[in-house]
Amino acid sequence: MNRTSKLNLQFVDRIGIVADISRHVARLSVNIVSMEVQRKQELADVYLEVDPSRREISARDVLETLSSLDGLQSIRLIETMPHENRQNTFRTVLDNVSDGIVSIDAGGNITTINRLARTIYNCLECNPIGKRIDQTPVMDDTLLSCLEGKTVSRLRHSVATDKGRFQFFISARPIVDASGRITGAVKIMKDMREIEALVEKAAQAERISFETIVGDSPTVNEAIAFARKIAPTAAIVSIRGQSGTGKELFARAIHFESGRSGPFVAVNCAAIPDALLESELFGYESGSFTGASKSGHTGLFEQAKGGTLFLDEIADLPPGPQAKILRAIQEKRIRRIGGRSEIEIDARIVTATNRHLEQLVADGAFRQDLYYRINVLPVHLPPLQARREDIPVLADHFLFQINCRLGTRLQRLTRKAQDKLARHDWPGNVRELKNVIERAAILCDAADIGAESILFSFELSGHAPDERRPAVKAHGNAPLSRQLDALERRIVIDALNSSKSIRQAASGLGISHTALRNKIKKHGLQASPTGYAVKANP
Ligand SMILES: Nc1ncnc2c1ncn2[C@@H]1O[C@H](COP(=O)(O)OP(=O)(O)OP(=O)(O)O)[C@@H](O)[C@H]1O
């Protein structure tokens, strides 16, 4: 036998097992290379590696000698010792991290060097483990200086190798034992290219795919499956659903999955003043009207070249832009304001609306031909009320998101808080749920969020929930004007808290932006991180 033998012996745990094994092995004139004992409840697992010095002794001889030991339950030959398994795991982990790692002991001998560090120092073939660091290509003074207690942070360094120049940041520190004694030093090298790639990735806008969309309900899953199917085509998509149901989220996911390399350009048709709509959408040439920029302006259709143009709130377009958009869609060309030539457009159109398009067509407020053009592939997003099973998953998702964003500990909703969420009608849909959860996480410091931290906007304003119900009780002795004021205040607060902007809330209420601003002033409302509410002392 010219290589070590490894055995695993299992005993009923008792005192003196190691001494007994050592004695039996010594009788065979065999050296113990390593022995490891692991206690498992009533049992002792012993791992033994021996190196027989007498060649005629086989692994089986060792096994037979030890078989008579007191309390032995089982004995078998094994291929690897537990410490070898741990070392292999450790080496695999080290070799797969994206940083170069080198460590030395107190004598300056290399104890660890991972694959990336060996590549950097051009010693993939040689084995520098156990050698003095200053006698290997890994030589650098940083690690040796750490043996004197020095610490190095993000030092820029470069090494020329036959594979080119490696540039990296070095951090190094002493390894200290429990008594404070320096027993070695470790160095970590971060590849500059890796850092540059990370910076580039972090700088990119968040990519929203269908995986980003949360929901367990069959209706949402059907909408995702349908949108996923049509995403790679060039077809116009129309996303229909109440405000806050996730129309823009779907539009972004469709863009992402379409594989189009151009940008996602979103425009809220209800938010742009009518006078600016055409110049925003189609652009203008220099000096084409008073106040126009000298250098002209690239419209959103052009900006979305190679990407997606998301026309949000398309039903709110006035007739002029409706006609121009229809033409742009049909001819795939636009003309800038004041421009002589036509420009070819290459933007995939996704539209969205929370309005009843068919009714608007019947009322003559939306062009029928544009309706047919955009409504080829409608994606319907149901209101949250109609998919109540999504409420807990969405709530958990938003809670996790806000905890991560605020860097706070992970919280959870108590049963009573979940029940309160389940009972609400959610007129502002998923956006309202997101706001309620964020508000709760900001207001509640505890790990468990209780029902008292779940506050709907009507609770903040001190008024009853839903304008569809007779929420304001008629008081025979209160003047009608005061009762109407209270009702109006509640409706305004609800609209503001379930909309993205004042302009959107105004559009939902069917009043102008200025009229809504006046009402905010009249009722003494103010925005806060938890939503709109009456000012403490109006
Ligand atoms: N299924 C979902 N999973 C995760 N987040 C969602 C989901 N649906 C909506 N949200 C989130 O809710 C908020 C509102 O969604 P979004 O802006 O897409 O709604 P919308 O229908 O476009 O609203 P509006 O009509 O008012 O413009 C966003 O923060 C969005 O990320």
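First listed ligand is number 1; within each ligand, the first listed atom is number 1.
Partner of Leu394 under the side-chain contact (heavy atoms from CB on, under 4.5 Å) criterion, chosen from Leu384, Leu399, Ile437, Asp216: Leu384. With Leu94 as the fixed residue, the side-chain contact (heavy atoms from CB on, under 4.5 Å) test singles out one of Ile113, Ile101, Asp99, Thr89: Ile101.
Residue Phe398 approaches ligand 1 through these ligand atoms, each under 4.0 Å from one of its heavy atoms: 5 (N), 6 (C). Taking a cut-off of under 4.0 Å to the non-hydrogen atoms of Lys434, the atoms of ligand 1 that pass are 29 (O). Within ligand 1, the atoms closer than 4.0 Å to a non-hydrogen atom of Ile213 are 1 (N), 3 (N), numbered from 1 in the order shown. For ligand 1 and Asp312, the ligand atoms under 4.0 Å from any heavy atom of the residue are 27 (O). Proximity to Gln242 (heavy-atom distance under 4.0 Å) selects the following atoms of ligand 1: 21 (O).
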#### Entry: Verdict with reasoning, Arg327 to Glu342, per salt bridge (Lys or Arg N to Asp or Glu O under 4.0 Å)
CA-CA 12 Å; Arg327 191 169 165 271; Glu342 297 217 306; 2.7 Å; yes
### Task
Assess whether salt bridge (Lys or Arg N to Asp or Glu O under 4.0 Å) is satisfied between Arg228 and Glu211, documenting all intermediate values.
CA-CA 11 Å; Arg228 208 188 272 279; Glu211 273 70 45; 3.4 Å; yes
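No more than 12 heavy atoms of other residues, nucleotides or ligands lie within 6.0 Å of CZ in Phe400, so this atom counts as exposed by the packing criterion.
Annotation: atom 26 (O) of ligand 1 to nearest protein heavy atom, Ser243 OG, 2.6 Å. The protein heavy-atom contact nearest to atom 27 (O) of ligand 1 is Lys500 NZ, 3.1 Å. If you check which protein heavy atom lies closest to atom 9 (C) of ligand 1, you get Val430 CG1, 3.3 Å. Counting only heavy atoms of the protein, atom 1 (N) of ligand 1 lies nearest to Val214 O, 2.8 Å. For atom 22 (O) of ligand 1, the nearest non-hydrogen atom of the protein is Glu248 N, 2.9 Å. Among all non-hydrogen protein atoms, the one lying nearest atom 6 (C) of ligand 1 is Leu249 CD2, 3.3 Å.
In the model, Asp390 has a side-chain atom that pairs as donor or acceptor with a side-chain atom of Ser217 under 3.5 Å. Of the N and O atoms on the side chains of Glu278 and Tyr284, not one donor lies less than 3.5 Å from an acceptor on the other residue.
Between Arg431 and Glu248 there is no salt bridge, since no side-chain nitrogen of the basic residue lies less than 4.0 Å from a carboxylate oxygen of the acidic one. The pair Lys416-Asp448 does not count as a salt bridge, with every side-chain nitrogen at least 4.0 angstrom from each carboxylate oxygen.
Counting heavy atoms closer than 4.0 Å to ligand 1, residue Asn268 contributes nothing at all. Looking at Val220 against ligand 1, nothing comes within 4.0 Å, counting heavy atoms. Residue Lys247 touches ligand 1 through backbone and side chain together, judged by heavy-atom distances below 4.0 Å.
The shortest N/O to N/O separation between Gly246 and ligand 1 falls below 3.5 Å. Any N or O atom pair closer than 3.5 Å counts here, and Leu394 shares no such pair with ligand 1. The N/O atoms of Arg387, backbone and side chain alike, include none that comes under 3.5 Å of an N/O atom in ligand 1. Residue contacts with ligand 1: Asn354 is placed with no nitrogen or oxygen under 3.5 Å of a nitrogen or oxygen of the ligand (distance criterion only).
Of the candidates Glu313, Arg431, Gln504, the one placing a heavy atom closest to atom 14 (C) of ligand 1 is Arg431.
Aromatic ring pairs are classed by plane angle as parallel below 30°, tilted from 30° to 60° and perpendicular above 60°; the pair Phe264 and His255 is tilted.
Between Arg91 and Thr112 the shortest side-chain heavy-atom distance does not fall below 4.5 Å. Between Ile343 and Phe282, the closest side-chain pair of non-hydrogen atoms is not below 4.5 Å.
Heavy-atom distances between Gly215 and ligand 1 stay at or above 4.0 Å for every pair.
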